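Quick caveat: nothing in here was measured; it's all calculated off a predicted structure.
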Amino acid sequence: MLVDSRPSPRALITGFVLAIGLCAMNSYLTLSFGVIEEGPTIAALLFFAVFFVAKTRITTTEMVIVATMGSAGGSLGFISNFYAARTMTGEPFSLWEAAAFATVTSLLGMLFVIPLRDLLILREDLPWPGAKATQGVITALVDAPDRRQPAILAVTTLLCMAYVVLNDDGGVGLLPSETVLPVIGAFGASIAWSPFAIGGAYLMGFSTCVGFFFGGLVLLLMAPYTPEPGAPHHYIWPGIGFLVAGGLTNLALNWRVVAASLRSLTSLGTDAQDDDDPVLSRTALAVLAVVALGVTAIFSGIVLGMNVVAILGLIVVGGFLQNVIATRAAAQTAFNPARVMGVLMEGITAATGMPRAPDNLVGAGFVAGSGAQAGNLAGDMAYGRWYHVPSRWQFWAQFVTVLPCAFVSAWVFTQIEATQPVDLTGGSLAAPVAKMWATTALVFDGSTPMPAGAMSALAIGAVIGAAYTLIEQLPPIKGWLPASMGIGLGLVLPIGFDWAFFLGGVLLWIVLGRGFKVSELTLTTLAVGAIVAEGFGGVLKPILTLAGIL
(Lines give C-alpha, C1' and ligand atoms only; values in the text may rest on other atoms or scores of the structure.)
Protein backbone atom coordinates (compact mmCIF):
# COMPACT_ATOMS: atom_id res chain seq x y z
CA MET A 1 0.00 0.00 0.00
CA LEU A 2 1.41 3.38 -1.01
CA VAL A 3 1.00 6.51 1.06
CA ASP A 4 -2.00 8.30 -0.39
CA SER A 5 -1.39 11.94 0.54
CA ARG A 6 0.47 14.33 2.75
CA PRO A 7 -1.06 15.13 6.14
CA SER A 8 -4.02 17.40 5.44
CA PRO A 9 -4.65 20.59 7.45
CA ARG A 10 -7.93 19.13 8.70
CA ALA A 11 -6.13 16.03 10.01
CA LEU A 12 -3.52 18.11 11.85
CA ILE A 13 -6.12 20.50 13.31
CA THR A 14 -8.49 17.72 14.33
CA GLY A 15 -5.64 15.66 15.75
CA PHE A 16 -4.45 18.64 17.79
CA VAL A 17 -7.94 19.23 19.22
CA LEU A 18 -8.44 15.54 19.96
CA ALA A 19 -5.02 15.29 21.65
CA ILE A 20 -5.99 18.05 24.07
CA GLY A 21 -9.46 16.61 24.64
CA LEU A 22 -8.23 13.06 25.21
CA CYS A 23 -5.50 14.30 27.55
CA ALA A 24 -8.14 16.05 29.66
CA MET A 25 -10.42 13.01 29.53
CA ASN A 26 -7.76 10.51 30.58
CA SER A 27 -6.46 12.80 33.34
CA TYR A 28 -9.82 12.21 34.98
CA LEU A 29 -10.30 8.56 34.01
CA THR A 30 -6.89 7.41 35.25
CA LEU A 31 -7.63 8.81 38.71
CA SER A 32 -11.11 7.29 38.73
CA PHE A 33 -10.24 3.81 37.48
CA GLY A 34 -6.45 3.42 37.18
CA VAL A 35 -6.82 2.45 33.51
CA ILE A 36 -7.17 4.54 30.37
CA GLU A 37 -7.83 4.08 26.68
CA GLU A 38 -4.75 5.76 25.29
CA GLY A 39 -6.43 7.31 22.30
CA PRO A 40 -5.47 6.09 18.80
CA THR A 41 -8.66 4.12 18.18
CA ILE A 42 -10.85 6.80 19.77
CA ALA A 43 -9.21 9.56 17.73
CA ALA A 44 -9.51 7.58 14.48
CA LEU A 45 -13.19 6.83 15.08
CA LEU A 46 -14.05 10.42 16.01
CA PHE A 47 -12.22 11.82 12.97
CA PHE A 48 -13.95 9.32 10.70
CA ALA A 49 -17.37 10.11 12.15
CA VAL A 50 -17.00 13.87 11.62
CA PHE A 51 -15.67 13.84 8.08
CA PHE A 52 -17.60 10.82 6.86
CA VAL A 53 -20.80 12.71 7.70
CA ALA A 54 -19.38 15.62 5.69
CA LYS A 55 -19.14 13.19 2.73
CA THR A 56 -15.47 13.84 2.00
CA ARG A 57 -12.83 11.26 1.17
CA ILE A 58 -10.86 10.08 4.18
CA THR A 59 -7.36 8.71 3.63
CA THR A 60 -5.29 6.25 5.63
CA THR A 61 -2.61 8.92 6.05
CA GLU A 62 -5.11 11.22 7.74
CA MET A 63 -6.28 8.43 10.01
CA VAL A 64 -2.71 7.53 10.99
CA ILE A 65 -1.80 11.16 11.79
CA VAL A 66 -4.96 11.74 13.82
CA ALA A 67 -4.53 8.43 15.67
CA THR A 68 -0.91 9.31 16.47
CA MET A 69 -1.82 12.74 17.85
CA GLY A 70 -4.74 11.33 19.82
CA SER A 71 -2.47 8.67 21.28
CA ALA A 72 0.06 11.31 22.35
CA GLY A 73 -2.49 13.40 24.21
CA GLY A 74 -4.46 10.53 25.63
CA SER A 75 -1.45 8.72 27.04
CA LEU A 76 -0.06 11.87 28.70
CA GLY A 77 -3.18 11.93 30.89
CA PHE A 78 -1.56 9.02 32.78
CA ILE A 79 0.85 11.52 34.37
CA SER A 80 -1.99 12.70 36.64
CA ASN A 81 -1.18 9.65 38.78
CA PHE A 82 2.21 11.21 39.54
CA TYR A 83 0.67 14.58 40.42
CA ALA A 84 -1.79 12.80 42.72
CA ALA A 85 0.93 10.68 44.36
CA ARG A 86 3.00 13.82 45.08
CA THR A 87 -0.08 15.37 46.67
CA MET A 88 -0.64 12.24 48.79
CA THR A 89 2.91 12.42 50.13
CA GLY A 90 2.49 16.03 51.23
CA GLU A 91 4.40 18.01 48.59
CA PRO A 92 2.03 18.76 45.70
CA PHE A 93 3.21 20.46 42.55
CA SER A 94 1.92 23.87 41.61
CA LEU A 95 0.21 24.21 38.22
CA TRP A 96 3.39 25.54 36.62
CA GLU A 97 5.65 22.95 38.21
CA ALA A 98 3.38 20.15 37.00
CA ALA A 99 3.19 21.56 33.46
CA ALA A 100 6.97 22.04 33.35
CA PHE A 101 7.58 18.48 34.60
CA ALA A 102 5.27 17.03 31.94
CA THR A 103 6.98 19.10 29.24
CA VAL A 104 10.52 18.13 30.27
CA THR A 105 9.82 14.40 30.59
CA SER A 106 7.87 14.44 27.31
CA LEU A 107 10.83 16.01 25.48
CA LEU A 108 13.02 13.25 26.88
CA GLY A 109 10.54 10.66 25.60
CA MET A 110 10.49 12.27 22.15
CA LEU A 111 14.28 12.01 22.00
CA PHE A 112 14.38 8.35 22.98
CA VAL A 113 11.61 7.25 20.62
CA ILE A 114 14.19 7.39 17.81
CA PRO A 115 16.43 4.61 19.20
CA LEU A 116 13.29 2.73 20.28
CA ARG A 117 12.07 2.72 16.68
CA ASP A 118 15.50 1.59 15.50
CA LEU A 119 15.61 -1.25 17.99
CA LEU A 120 12.02 -2.50 18.02
CA ILE A 121 10.60 -1.70 14.58
CA LEU A 122 13.50 -1.71 12.12
CA ARG A 123 15.59 -4.51 13.66
CA GLU A 124 12.92 -6.85 15.00
CA ASP A 125 9.70 -8.34 13.70
CA LEU A 126 7.45 -8.00 16.76
CA PRO A 127 3.68 -8.66 16.80
CA TRP A 128 2.58 -5.25 18.17
CA PRO A 129 -0.96 -6.36 19.21
CA GLY A 130 -2.08 -2.82 20.12
CA ALA A 131 -0.85 -1.38 16.83
CA LYS A 132 -2.56 -4.19 14.91
CA ALA A 133 -5.86 -3.42 16.67
CA THR A 134 -5.60 0.23 15.60
CA GLN A 135 -4.65 -0.83 12.08
CA GLY A 136 -7.71 -3.07 11.96
CA VAL A 137 -10.04 -0.22 12.88
CA ILE A 138 -8.45 2.18 10.38
CA THR A 139 -8.60 -0.38 7.55
CA ALA A 140 -12.23 -1.26 8.30
CA LEU A 141 -13.28 2.38 8.33
CA VAL A 142 -11.35 3.52 5.25
CA ASP A 143 -11.64 0.46 3.00
CA ALA A 144 -15.23 -0.47 3.85
CA PRO A 145 -16.86 2.63 5.36
CA ASP A 146 -19.91 1.82 7.46
CA ARG A 147 -22.46 4.62 7.37
CA ARG A 148 -23.95 3.48 10.67
CA GLN A 149 -20.83 4.03 12.78
CA PRO A 150 -20.98 7.87 13.01
CA ALA A 151 -24.63 7.72 14.10
CA ILE A 152 -23.92 4.96 16.65
CA LEU A 153 -20.97 6.92 18.02
CA ALA A 154 -22.91 10.19 18.26
CA VAL A 155 -25.97 8.68 19.96
CA THR A 156 -23.89 6.63 22.42
CA THR A 157 -21.69 9.58 23.35
CA LEU A 158 -24.54 12.07 23.80
CA LEU A 159 -26.70 9.71 25.86
CA CYS A 160 -23.86 8.59 28.13
CA MET A 161 -22.51 12.12 28.56
CA ALA A 162 -25.98 13.37 29.50
CA TYR A 163 -26.17 10.62 32.11
CA VAL A 164 -22.76 11.54 33.57
CA VAL A 165 -23.73 15.21 33.97
CA LEU A 166 -27.21 14.40 35.31
CA ASN A 167 -26.25 11.72 37.84
CA ASP A 168 -25.75 12.25 41.58
CA ASP A 169 -21.97 11.71 41.55
CA GLY A 170 -21.11 15.42 41.50
CA GLY A 171 -23.66 16.11 38.76
CA VAL A 172 -27.17 17.54 38.74
CA GLY A 173 -28.49 14.68 40.88
CA LEU A 174 -31.46 13.59 38.77
CA LEU A 175 -30.15 10.08 38.10
CA PRO A 176 -28.46 7.54 40.42
CA SER A 177 -24.75 6.89 39.88
CA GLU A 178 -24.98 3.45 41.48
CA THR A 179 -27.40 0.90 42.85
CA VAL A 180 -26.62 -0.42 46.32
CA LEU A 181 -27.31 -4.15 46.55
CA PRO A 182 -29.61 -5.47 49.29
CA VAL A 183 -28.04 -6.80 52.50
CA ILE A 184 -24.43 -6.89 51.23
CA GLY A 185 -24.67 -3.18 50.38
CA ALA A 186 -23.65 -2.50 53.99
CA PHE A 187 -20.21 -3.80 52.99
CA GLY A 188 -19.84 -1.58 49.94
CA ALA A 189 -21.48 -3.94 47.43
CA SER A 190 -23.17 -2.08 44.60
CA ILE A 191 -23.16 -1.68 40.84
CA ALA A 192 -21.89 1.67 39.55
CA TRP A 193 -23.60 2.75 36.33
CA SER A 194 -20.32 3.95 34.87
CA PRO A 195 -20.21 4.37 31.08
CA PHE A 196 -16.43 4.03 31.12
CA ALA A 197 -16.50 0.76 33.06
CA ILE A 198 -19.24 -0.73 30.89
CA GLY A 199 -17.72 0.46 27.60
CA GLY A 200 -14.09 -0.03 28.58
CA ALA A 201 -14.84 -3.63 29.48
CA TYR A 202 -14.94 -4.51 25.78
CA LEU A 203 -11.49 -3.09 25.04
CA MET A 204 -9.96 -4.77 28.12
CA GLY A 205 -11.11 -8.28 27.24
CA PHE A 206 -13.54 -10.60 28.99
CA SER A 207 -10.90 -12.32 31.14
CA THR A 208 -9.98 -8.98 32.72
CA CYS A 209 -13.66 -8.23 33.33
CA VAL A 210 -14.03 -11.54 35.19
CA GLY A 211 -10.93 -10.58 37.17
CA PHE A 212 -12.67 -7.38 38.27
CA PHE A 213 -15.64 -9.44 39.48
CA PHE A 214 -13.43 -11.66 41.64
CA GLY A 215 -11.48 -8.66 42.93
CA GLY A 216 -14.77 -7.15 44.10
CA LEU A 217 -15.83 -10.47 45.61
CA VAL A 218 -12.60 -10.67 47.63
CA LEU A 219 -13.19 -7.12 48.86
CA LEU A 220 -16.68 -8.10 49.95
CA LEU A 221 -15.32 -11.06 51.94
CA MET A 222 -12.62 -8.84 53.49
CA ALA A 223 -14.99 -6.01 54.35
CA PRO A 224 -16.03 -7.05 57.90
CA TYR A 225 -12.38 -7.22 58.94
CA THR A 226 -11.26 -3.86 57.51
CA PRO A 227 -11.22 -0.52 59.37
CA GLU A 228 -14.12 0.73 57.19
CA PRO A 229 -16.44 -2.23 56.50
CA GLY A 230 -18.65 -0.04 54.32
CA ALA A 231 -15.70 0.92 52.09
CA PRO A 232 -13.26 -2.02 52.05
CA HIS A 233 -11.38 -0.60 49.04
CA HIS A 234 -10.00 2.11 51.35
CA TYR A 235 -7.82 -0.62 52.90
CA ILE A 236 -5.45 -0.51 49.94
CA TRP A 237 -2.52 -2.56 51.27
CA PRO A 238 -3.44 -6.09 50.07
CA GLY A 239 -4.35 -4.74 46.62
CA ILE A 240 -1.13 -2.74 46.30
CA GLY A 241 0.90 -5.80 47.28
CA PHE A 242 -0.96 -7.95 44.75
CA LEU A 243 -0.49 -5.44 41.91
CA VAL A 244 3.21 -4.80 42.52
CA ALA A 245 4.16 -8.44 43.04
CA GLY A 246 1.99 -9.58 40.13
CA GLY A 247 3.58 -7.01 37.84
CA LEU A 248 7.10 -7.94 38.90
CA THR A 249 6.34 -11.63 38.46
CA ASN A 250 4.93 -11.01 34.99
CA LEU A 251 8.07 -9.07 34.13
CA ALA A 252 10.23 -11.92 35.46
CA LEU A 253 8.26 -14.48 33.46
CA ASN A 254 9.02 -12.42 30.37
CA TRP A 255 12.72 -12.30 31.19
CA ARG A 256 13.55 -13.20 27.60
CA VAL A 257 11.88 -9.96 26.50
CA VAL A 258 14.00 -8.00 28.98
CA ALA A 259 17.18 -9.84 27.99
CA ALA A 260 16.48 -9.34 24.29
CA SER A 261 15.88 -5.64 24.94
CA LEU A 262 19.24 -5.33 26.66
CA ARG A 263 21.04 -7.34 23.98
CA SER A 264 19.53 -5.19 21.25
CA LEU A 265 21.23 -2.14 22.74
CA THR A 266 24.58 -3.47 21.54
CA SER A 267 23.47 -3.06 17.91
CA LEU A 268 22.27 0.51 18.34
CA GLY A 269 24.09 2.83 16.01
CA THR A 270 25.49 0.07 13.82
CA ASP A 271 24.81 -0.32 10.12
CA ALA A 272 23.12 -3.69 10.53
CA GLN A 273 20.05 -2.33 8.81
CA ASP A 274 19.72 0.87 6.81
CA ASP A 275 16.87 3.16 7.71
CA ASP A 276 14.87 3.89 4.57
CA ASP A 277 12.66 6.32 6.48
CA PRO A 278 14.75 8.40 8.93
CA VAL A 279 12.82 10.34 11.56
CA LEU A 280 15.29 13.22 11.79
CA SER A 281 18.48 14.31 10.10
CA ARG A 282 21.66 13.95 12.13
CA THR A 283 21.76 17.69 12.74
CA ALA A 284 18.15 17.84 13.92
CA LEU A 285 18.70 14.82 16.18
CA ALA A 286 21.80 16.45 17.70
CA VAL A 287 19.88 19.66 18.39
CA LEU A 288 16.98 17.73 19.95
CA ALA A 289 19.40 15.74 22.12
CA VAL A 290 21.16 18.86 23.41
CA VAL A 291 17.86 20.59 24.21
CA ALA A 292 16.10 17.58 25.78
CA LEU A 293 19.05 16.42 27.88
CA GLY A 294 20.04 19.95 28.88
CA VAL A 295 16.55 20.99 29.92
CA THR A 296 16.06 17.72 31.82
CA ALA A 297 19.33 18.13 33.73
CA ILE A 298 18.68 21.79 34.60
CA PHE A 299 15.06 21.25 35.65
CA SER A 300 15.85 18.12 37.68
CA GLY A 301 18.74 19.80 39.48
CA ILE A 302 17.35 23.29 40.12
CA VAL A 303 13.57 22.81 40.41
CA LEU A 304 13.41 19.23 41.75
CA GLY A 305 16.65 19.37 43.76
CA MET A 306 17.96 16.03 42.47
CA ASN A 307 21.65 15.15 42.78
CA VAL A 308 23.86 14.38 39.79
CA VAL A 309 23.72 10.60 40.22
CA ALA A 310 19.93 10.68 40.47
CA ILE A 311 19.67 12.86 37.36
CA LEU A 312 21.80 10.41 35.37
CA GLY A 313 19.65 7.53 36.61
CA LEU A 314 16.45 9.35 35.66
CA ILE A 315 17.72 10.06 32.14
CA VAL A 316 19.40 6.75 31.36
CA VAL A 317 17.08 4.35 33.18
CA GLY A 318 13.87 6.34 33.51
CA GLY A 319 14.05 7.95 30.10
CA PHE A 320 15.55 5.18 28.01
CA LEU A 321 16.16 1.73 29.48
CA GLN A 322 12.77 1.28 31.14
CA ASN A 323 11.10 2.45 27.93
CA VAL A 324 12.99 -0.20 25.96
CA ILE A 325 11.82 -2.90 28.37
CA ALA A 326 8.22 -1.65 28.76
CA THR A 327 7.70 -0.95 25.06
CA ARG A 328 9.13 -4.29 23.99
CA ALA A 329 6.92 -6.08 26.52
CA ALA A 330 3.86 -4.27 25.14
CA ALA A 331 4.95 -5.05 21.57
CA GLN A 332 5.15 -8.78 22.31
CA THR A 333 2.61 -9.54 24.99
CA ALA A 334 0.20 -6.55 25.15
CA PHE A 335 1.32 -6.26 28.81
CA ASN A 336 2.59 -2.74 29.49
CA PRO A 337 4.36 -2.75 32.85
CA ALA A 338 4.26 1.04 33.29
CA ARG A 339 2.77 0.81 36.78
CA VAL A 340 5.39 -1.57 38.12
CA MET A 341 8.20 0.18 36.21
CA GLY A 342 7.21 3.29 38.16
CA VAL A 343 7.75 1.38 41.41
CA LEU A 344 11.15 0.11 40.23
CA MET A 345 12.21 3.63 39.27
CA GLU A 346 11.21 4.86 42.73
CA GLY A 347 13.58 2.29 44.22
CA ILE A 348 16.39 3.26 41.86
CA THR A 349 15.92 6.96 42.60
CA ALA A 350 15.91 6.26 46.35
CA ALA A 351 19.12 4.23 45.96
CA THR A 352 20.87 7.19 44.27
CA GLY A 353 20.59 9.23 47.45
CA MET A 354 17.06 10.66 47.09
CA PRO A 355 15.03 8.47 49.50
CA ARG A 356 12.38 11.03 50.58
CA ALA A 357 8.96 10.01 49.25
CA PRO A 358 8.38 13.17 47.14
CA ASP A 359 11.89 12.78 45.70
CA ASN A 360 11.86 9.07 44.88
CA LEU A 361 8.41 9.57 43.33
CA VAL A 362 10.14 11.56 40.60
CA GLY A 363 11.28 8.20 39.22
CA ALA A 364 7.65 7.16 38.69
CA GLY A 365 6.97 10.56 37.16
CA PHE A 366 9.69 10.00 34.56
CA VAL A 367 8.09 6.67 33.65
CA ALA A 368 4.71 8.39 33.18
CA GLY A 369 6.02 11.40 31.24
CA SER A 370 8.67 9.86 29.01
CA GLY A 371 6.71 6.65 28.49
CA ALA A 372 3.62 8.55 27.34
CA GLN A 373 5.64 9.90 24.42
CA ALA A 374 8.29 7.27 23.67
CA GLY A 375 6.44 4.00 24.15
CA ASN A 376 3.18 5.08 22.58
CA LEU A 377 4.77 6.84 19.62
CA ALA A 378 6.85 3.72 18.95
CA GLY A 379 3.63 1.69 18.76
CA ASP A 380 2.05 4.33 16.52
CA MET A 381 5.09 4.25 14.24
CA ALA A 382 4.61 0.51 13.83
CA TYR A 383 1.23 0.85 12.13
CA GLY A 384 2.43 4.04 10.43
CA ARG A 385 5.19 2.00 8.78
CA TRP A 386 2.70 -0.68 7.73
CA TYR A 387 0.72 2.06 5.98
CA HIS A 388 3.92 3.60 4.53
CA VAL A 389 3.33 6.91 6.32
CA PRO A 390 6.72 8.66 6.77
CA SER A 391 7.91 8.48 10.37
CA ARG A 392 8.86 12.16 10.42
CA TRP A 393 5.22 13.11 9.80
CA GLN A 394 4.15 11.15 12.86
CA PHE A 395 7.05 12.50 14.92
CA TRP A 396 6.34 16.17 14.27
CA ALA A 397 2.57 15.69 14.50
CA GLN A 398 3.06 14.33 18.01
CA PHE A 399 5.75 16.88 18.90
CA VAL A 400 3.37 19.84 18.51
CA THR A 401 1.01 18.31 21.09
CA VAL A 402 3.62 18.16 23.88
CA LEU A 403 3.41 21.67 25.31
CA PRO A 404 -0.38 22.18 25.16
CA CYS A 405 -1.10 18.71 26.55
CA ALA A 406 1.41 19.26 29.36
CA PHE A 407 -0.54 22.33 30.46
CA VAL A 408 -3.88 20.60 29.99
CA SER A 409 -2.88 17.63 32.16
CA ALA A 410 -1.66 19.96 34.91
CA TRP A 411 -4.70 22.25 34.72
CA VAL A 412 -7.24 19.42 34.72
CA PHE A 413 -5.59 17.88 37.77
CA THR A 414 -5.83 21.19 39.66
CA GLN A 415 -9.56 21.36 38.83
CA ILE A 416 -10.12 17.77 39.95
CA GLU A 417 -8.14 18.30 43.15
CA ALA A 418 -10.15 21.46 43.93
CA THR A 419 -13.45 19.55 43.89
CA GLN A 420 -12.47 15.92 44.58
CA PRO A 421 -9.29 15.99 46.70
CA VAL A 422 -7.12 12.88 46.44
CA ASP A 423 -6.15 11.05 49.59
CA LEU A 424 -3.96 8.01 50.25
CA THR A 425 -6.48 6.14 52.40
CA GLY A 426 -9.76 7.49 51.08
CA GLY A 427 -11.02 10.26 48.87
CA SER A 428 -13.84 10.26 46.33
CA LEU A 429 -11.52 9.10 43.54
CA ALA A 430 -10.13 5.57 43.68
CA ALA A 431 -6.76 6.62 42.15
CA PRO A 432 -5.29 3.09 42.39
CA VAL A 433 -2.06 3.78 40.48
CA ALA A 434 -1.41 7.01 42.40
CA LYS A 435 -1.98 5.17 45.67
CA MET A 436 0.35 2.37 44.60
CA TRP A 437 3.11 4.84 43.79
CA ALA A 438 2.56 6.91 46.94
CA THR A 439 2.46 3.79 49.14
CA THR A 440 5.68 2.33 47.75
CA ALA A 441 7.34 5.76 47.86
CA LEU A 442 6.63 5.88 51.60
CA VAL A 443 8.08 2.38 51.97
CA PHE A 444 11.30 3.47 50.23
CA ASP A 445 11.26 6.61 52.38
CA GLY A 446 11.38 4.53 55.55
CA SER A 447 10.62 7.49 57.79
CA THR A 448 6.83 7.55 57.55
CA PRO A 449 5.02 5.12 59.84
CA MET A 450 2.42 2.94 58.13
CA PRO A 451 -0.90 1.96 59.74
CA ALA A 452 -0.91 -1.04 62.06
CA GLY A 453 -1.02 -4.27 60.10
CA ALA A 454 -0.41 -2.52 56.77
CA MET A 455 2.94 -4.18 56.10
CA SER A 456 1.55 -7.63 56.88
CA ALA A 457 -1.41 -7.05 54.58
CA LEU A 458 0.97 -5.76 51.90
CA ALA A 459 3.14 -8.87 52.22
CA ILE A 460 0.17 -11.28 52.12
CA GLY A 461 -1.21 -9.54 49.03
CA ALA A 462 2.24 -9.73 47.41
CA VAL A 463 2.61 -13.47 48.02
CA ILE A 464 -0.86 -14.19 46.65
CA GLY A 465 -0.30 -11.88 43.67
CA ALA A 466 2.99 -13.54 42.72
CA ALA A 467 1.58 -17.04 43.17
CA TYR A 468 -1.57 -16.31 41.15
CA THR A 469 0.42 -14.76 38.31
CA LEU A 470 2.54 -17.92 38.15
CA ILE A 471 -0.50 -20.20 38.22
CA GLU A 472 -2.31 -18.36 35.42
CA GLN A 473 0.63 -19.09 33.11
CA LEU A 474 0.20 -22.88 33.35
CA PRO A 475 -0.73 -24.22 29.89
CA PRO A 476 -3.66 -26.45 30.97
CA ILE A 477 -5.54 -23.55 32.57
CA LYS A 478 -4.08 -20.51 30.82
CA GLY A 479 -6.93 -18.57 29.28
CA TRP A 480 -9.51 -19.98 31.69
CA LEU A 481 -8.54 -18.06 34.83
CA PRO A 482 -9.60 -14.46 35.47
CA ALA A 483 -6.79 -12.05 34.52
CA SER A 484 -4.53 -11.12 37.42
CA MET A 485 -4.51 -7.44 36.37
CA GLY A 486 -8.29 -7.34 36.71
CA ILE A 487 -8.15 -8.91 40.17
CA GLY A 488 -5.39 -6.55 41.32
CA LEU A 489 -7.18 -3.41 40.17
CA GLY A 490 -10.41 -4.85 41.54
CA LEU A 491 -8.86 -4.94 45.01
CA VAL A 492 -8.26 -1.16 45.03
CA LEU A 493 -11.38 0.03 43.20
CA PRO A 494 -14.82 0.28 44.83
CA ILE A 495 -16.87 -2.90 44.44
CA GLY A 496 -19.42 -0.95 42.41
CA PHE A 497 -16.84 -0.20 39.71
CA ASP A 498 -15.51 -3.78 39.80
CA TRP A 499 -18.90 -5.24 39.10
CA ALA A 500 -19.68 -2.55 36.53
CA PHE A 501 -16.66 -3.74 34.51
CA PHE A 502 -17.96 -7.31 34.81
CA LEU A 503 -21.46 -6.24 33.78
CA GLY A 504 -20.02 -4.43 30.76
CA GLY A 505 -18.05 -7.51 29.78
CA VAL A 506 -21.15 -9.71 29.95
CA LEU A 507 -23.24 -7.18 28.02
CA LEU A 508 -20.77 -6.44 25.21
CA TRP A 509 -18.87 -9.70 24.88
CA ILE A 510 -21.58 -12.25 25.66
CA VAL A 511 -25.00 -10.69 25.06
CA LEU A 512 -24.29 -8.38 22.11
CA GLY A 513 -21.20 -10.09 20.67
CA ARG A 514 -22.09 -13.77 20.90
CA GLY A 515 -25.86 -13.57 21.39
CA PHE A 516 -26.85 -10.88 18.90
CA LYS A 517 -23.78 -11.26 16.64
CA VAL A 518 -23.02 -7.51 16.71
CA SER A 519 -19.87 -6.80 14.70
CA GLU A 520 -16.53 -6.06 16.36
CA LEU A 521 -16.45 -2.60 14.75
CA THR A 522 -19.86 -1.68 16.15
CA LEU A 523 -18.93 -2.96 19.61
CA THR A 524 -15.74 -0.90 19.44
CA THR A 525 -17.80 2.17 18.48
CA LEU A 526 -20.18 1.62 21.41
CA ALA A 527 -17.21 1.22 23.77
CA VAL A 528 -15.48 4.35 22.46
CA GLY A 529 -18.68 6.41 22.79
CA ALA A 530 -19.13 5.35 26.41
CA ILE A 531 -15.47 5.97 27.28
CA VAL A 532 -15.42 9.43 25.68
CA ALA A 533 -18.69 10.37 27.39
CA GLU A 534 -17.46 9.46 30.88
CA GLY A 535 -14.14 11.20 30.35
CA PHE A 536 -15.51 14.45 28.96
CA GLY A 537 -18.45 14.45 31.36
CA GLY A 538 -16.13 13.81 34.31
CA VAL A 539 -13.90 16.72 33.29
CA LEU A 540 -16.92 18.96 32.74
CA LYS A 541 -18.41 18.41 36.21
CA PRO A 542 -15.64 20.04 38.30
CA ILE A 543 -15.52 22.93 35.83
CA LEU A 544 -19.29 23.45 36.17
CA THR A 545 -18.98 23.12 39.95
CA LEU A 546 -16.27 25.79 40.18
CA ALA A 547 -18.37 28.00 37.89
CA GLY A 548 -21.29 27.68 40.30
CA ILE A 549 -23.54 25.90 37.79
CA LEU A 550 -23.59 22.61 39.70
Side-chain angles (χ1 to χ4, degrees), residues 32-35 160 163-164 166-201 204 206-243 420 423-432 435 451-454 456-457 460-461 464-465 468 481-511 515 530 534 538:
S32 296
F33 303 97
V35 289
C160 291
Y163 165 75
V164 171
L166 292 174
N167 70 21
D168 56 12
D169 182 19
V172 176
L174 296 178
L175 299 172
S177 59
E178 67 176 343
T179 297
V180 177
L181 299 178
V183 182
I184 56 176
F187 299 107
S190 66
I191 296 178
W193 304 112
S194 162
F196 173 80
I198 294 172
M204 292 179 190
F206 189 67
S207 176
T208 302
C209 298
V210 178
F212 277 111
F213 172 79
F214 279 98
L217 183 61
V218 172
L219 278 182
L220 181 62
L221 297 175
M222 286 171 43
Y225 309 102
T226 61
E228 297 179 66
H233 64 284
H234 286 175
Y235 194 65
I236 61 175
W237 313 105
I240 297 301
F242 188 101
L243 278 170
Q420 298 174 279
D423 184 76
L424 182 59
T425 57
S428 58
L429 294 172
K435 288 179 180 179
S456 298
I460 292 171
I464 296 174
Y468 187 89
L481 288 177
S484 56
M485 181 57 70
I487 296 175
L489 287 172
L491 290 172
V492 291
L493 287 174
I495 296 174
F497 286 147
D498 292 339
W499 289 356
F501 278 111
F502 177 67
L503 176 65
V506 171
L507 176 63
L508 293 171
W509 280 97
I510 306 300
V511 177
E534 176 107 46

Could you report the tightest heavy-atom contact between [X] and [Y], atom names first, then the distance?
| X | Y | result |
| --- | --- | --- |
| Pro195 | Ala530 | O-CB, 3.2 Å |
| Gly230 | Pro232 | C-CD, 3.7 Å |
| Val210 | Pro482 | CG1-CG, 3.7 Å |

All N/O donor-acceptor pairs, side-chain side in residues 212-222, below 3.5 Å, sequence neighbours left out:
none

[atom1]-[atom2] distance between [X] and [Y], expressed to the nearest 0.5 angstrom:
| X | Y | atom1 | atom2 | value |
| --- | --- | --- | --- | --- |
| Cys209 | Leu508 | SG | CG | 8.5 Å |
| Tyr468 | Ile487 | OH | CD1 | 3.5 Å |
| Leu491 | His233 | CG | NE2 | 12.0 Å |
| Ile191 | Phe497 | CD1 | CZ | 13.0 Å |

- Could you give me the CA-CA distance, side-chain angles and deciding distance for Ser32 and Phe196, then say whether side chain to side chain contact (heavy atoms under 4.5 Å, CB included) is met? CA-CA 10 Å; Ser32 296; Phe196 173 80; over 6 Å; no

So does Ile236 get a backbone contact from the side chain of Lys435, meaning a donor-acceptor N/O pair under 3.5 Å?
no

Find out whether Ser207 and Trp509 are in side-chain contact, i.e. whether some heavy atom of one side chain is under 4.5 Å from a heavy atom of the other. no

Would you list the atom pairs, donor with acceptor, under 3.5 Å between side chains in residues 500-507 and any protein atom, with sequence neighbours excluded?
none

So side-chain hydrogen bond (donor to acceptor under 3.5 Å, both in side chains) across residues 481-494, not counting sequence neighbours, yields Glu472-Ser484

In short, side-chain hydrogen bond (donor to acceptor under 3.5 Å, both in side chains) pairs touching residues 215-231 with sequence neighbours left out are Glu228-His234

Applying side chain to side chain contact (heavy atoms under 4.5 Å, CB included) to Ile464 and not counting sequence neighbours gives Phe242, Ile460

Output, in order, the C-alpha distance, side-chain angles, deciding distance and verdict of side chain to side chain contact (heavy atoms under 4.5 Å, CB included) for Phe33 and Glu534. CA-CA 11 Å; Phe33 303 97; Glu534 176 107 46; 4.2 Å; yes

Name each donor-acceptor pair under 3.5 Å that joins a side chain in residues 170-184 to protein atoms two or more places apart or in another chain, with its distance.
from	atom 1	to	atom 2	distance (Å)
Ser177	OG	Asp168	OD1	2.8
Glu178	OE1	Ser190	OG	2.7
Thr179	OG1	Trp193	NE1	2.8

